[in-house]
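Report on the following structure.
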Amino acid sequence: MKEKQGHEICKVAELPVGERVIVEINGRSIGVFNVEGEFYALRNLCPHEGAELCKGTVTGMNLPSEVGEYNWVREGEILRCPWHAWEFDIKTGKSIFNPHKVRVACYDVEVEGAEEKAVESFKVGVNDDEMVVVYV
Amino acid sequence: MKLIDCDVHNVPVSMDEISERMPAYFRQRGVHLPGSFGIKNPMGVLRVDAQGPNGEPAGSVPSVMKEQLLDAYEMDYAVLIGAKFLGVGVHPEVDYALAIMRAYNDWQSEIWLADDKRFLGSIVVSQMDPIASAAEIRRVGSQSQIVQVVMTSATRIPLGDRYYWPIYEAAQEMGLAVALHPGCECTGVSESFSSGYPASYLEWHTNLSQNFMSQLTSIVCRGVLNEFKELKFVFVEGGFGWVPSLLWRLDKNWKALRSTVPWLKRLPSEYVFERCRFTTQPVEEPLERGELEQVMRMMQGEKTLMFSSDYPHWDNDSPVRAFPRIDEEMKQAILWKNAAELYGLTS
């Protein structure tokens with residue numbers, strides 16, 4: 001299997017918590033999300049009818065519950081497709097209603113640059129050179 | 001691929017575009033149509049990826065609609081249905097609602113039909129005043145891109161009733177189909193579903209088919225198709241999986257109860273196959289996808305089904321993804337032939 005290549009997307013500072021950026025890598029449209037400071041990447045293609053999934057709303061979800069109970073959880077971790085409103089876990093690409101069969105491809109994301117710039121620069125908050133890198 | 005989309009929703013960027021086309025007194029009151037009964041789609045009904053470049057509402061900018069829909073799928077035609085304005089049909093203040101109705105129809109022609117020949121128009125009418133609606137059909141119905149009349153499927157009296165016949169008479173006279181579109185159920189002066197009010201948007205949206213069932217039964221049994229021999233009906237966005245079982249039941253009952261509706265001289269289903277059309281969105285999705293084609297065959301979908309996207313609403317369908325693995329002839333009939341014949345279109 002071909003080794004995955006790292007692709008620099010943007011500076012960490014350019015992708016704040018709750019935001020996303022959509023990029024094209026090797027002809028594939030991919031959405032990169034910042035969820036509470038962690039980065040995740042999903043294919044921008046809904047497995048249902050082919051919508052641009054990553055343009056959907058970032059939201060939360062209700063857990064399965066007893067009648068009359070509403071347990072709203074995971075605010076900011078759920079992506080809702082702009083067509084048909086299917087919910088996907090941004091962290092895994094798995095759908096909420098059928099995680100084993102319905103899922104969207106996800107990719108590894110790392111933040112690079114901090115280790116070379118030395119811990120000190122991180123400590124003083126100079127992190128402009130930290131890059132979000134997606135492995136495809 | 002030749003393609004007609006039979007349910008596309010256009011809205012103004014601002015309601016001022018409508019109110020400025022209304023007479024002076026009503027203009028100053030703006031546009032206020034019956035809203036929800038307290039339950040709305042919590043995600044909103046508009047695709048969040050279909051806004052205009054400056055945040056304009058989805059469906060309000062013709063160039064965006066063309067880019068995302070007509071050009072993207074190389075559509076030959078898109079039938080506009082001003083669903084947001086169908087509330088005129090359940091508005092209790094009739095003169096005010098008629099002013100909105102006329103303003104919408106003018107706005108549709110001036111902003112959309114004039115913009116691109118691929119846009120086809122539907123005349124919005126109000127069931128609250130069938131006489132005034134008939135006059136409106138005759139006022140604007142001769143425009144070349146107008147293909148049908150549309151009204152809300154939500155009513156106080158089922159749509160087969162003679163009360164509505166002036167609308168049907170005018171539509172037939174102008175050579176236009178009559179389309180029904182959901183959305184106003186449980187709002188304005190309309191009734192709830194027959195068992196009572198739904199308690200969630202999920203219930204409401206699912207039960208829209210129930211209302212369509214009773215409208216179809218009414219239109220057939222009260223003799224509308226006998227009285228208006230050229231008239232055709234389009235059932236938009238009410239689902240279609242229910243059609244086979246409803247027709248089986250109608251036909252079975254007709255064999256015993258024919259004398260109660262003696263104007264029905266043939267099986268009720270035969271009138272439906274000839275004169276009623278059903279749009280596909282939101283396409284039903286059986287767990288076993290092959291079952292979809294079985295349902296299509298049971299309702300003679302090669303004659304009765306027409307593709308619709310419902311762009312730019314949240315549950316819109318893609319013409320290339322909505323019908324996996326169905327027979328190619330059936331698919332071509334749904335995507336093009338049936339609507340082309342109904343509306344008299346050529347590519």
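Every chain is numbered from 1, with letters handed out A, B, ... down the list of sequences.
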Can you establish whether the number of heavy atoms outside B/Glu329 located under 6.0 Å from its atom CD is more than 12? no
side-chain contact (heavy atoms from CB on, under 4.5 Å) between B/Arg321 and A/His48: does it pass, once the steps are laid out? CA-CA 8 Å; B/Arg321 294 287 295 267; A/His48 179 215; 5.8 Å; no
What residues of residues 43-64 of chain B sit under 4.5 Å from chain A when you count only heavy atoms? B/Met43, B/Arg47, B/Val48, B/Asp49
Donor-acceptor pair, side chain of A/Glu49 and main chain of B/Ser318, under 3.5 angstrom: yes
Take atom OH of A/Tyr70 as the centre, draw a 6.0 Å sphere, and report whether it contains more than 12 heavy atoms from other residues, nucleotides or ligands. no
In this structure, are over 12 heavy atoms from other groups packed under 6.0 Å from B/Glu285 atom CD? yes
Side-chain contact test, heavy atoms from C-beta onward, threshold under 4.5 Å: evaluate it for B/Asp317 versus A/His84 and give yes or no. yes
Separation between NE2 (B/His313) and CH2 (A/Trp83), nearest 0.5 Å, reads 14.0 Å
Where on A/Cys54 is there a heavy atom nearer than 4.5 Å to chain B: the side chain, the backbone, both, or neither? neither
NZ of B/Lys84: more than 12 outside heavy atoms within 6.0 angstrom? no
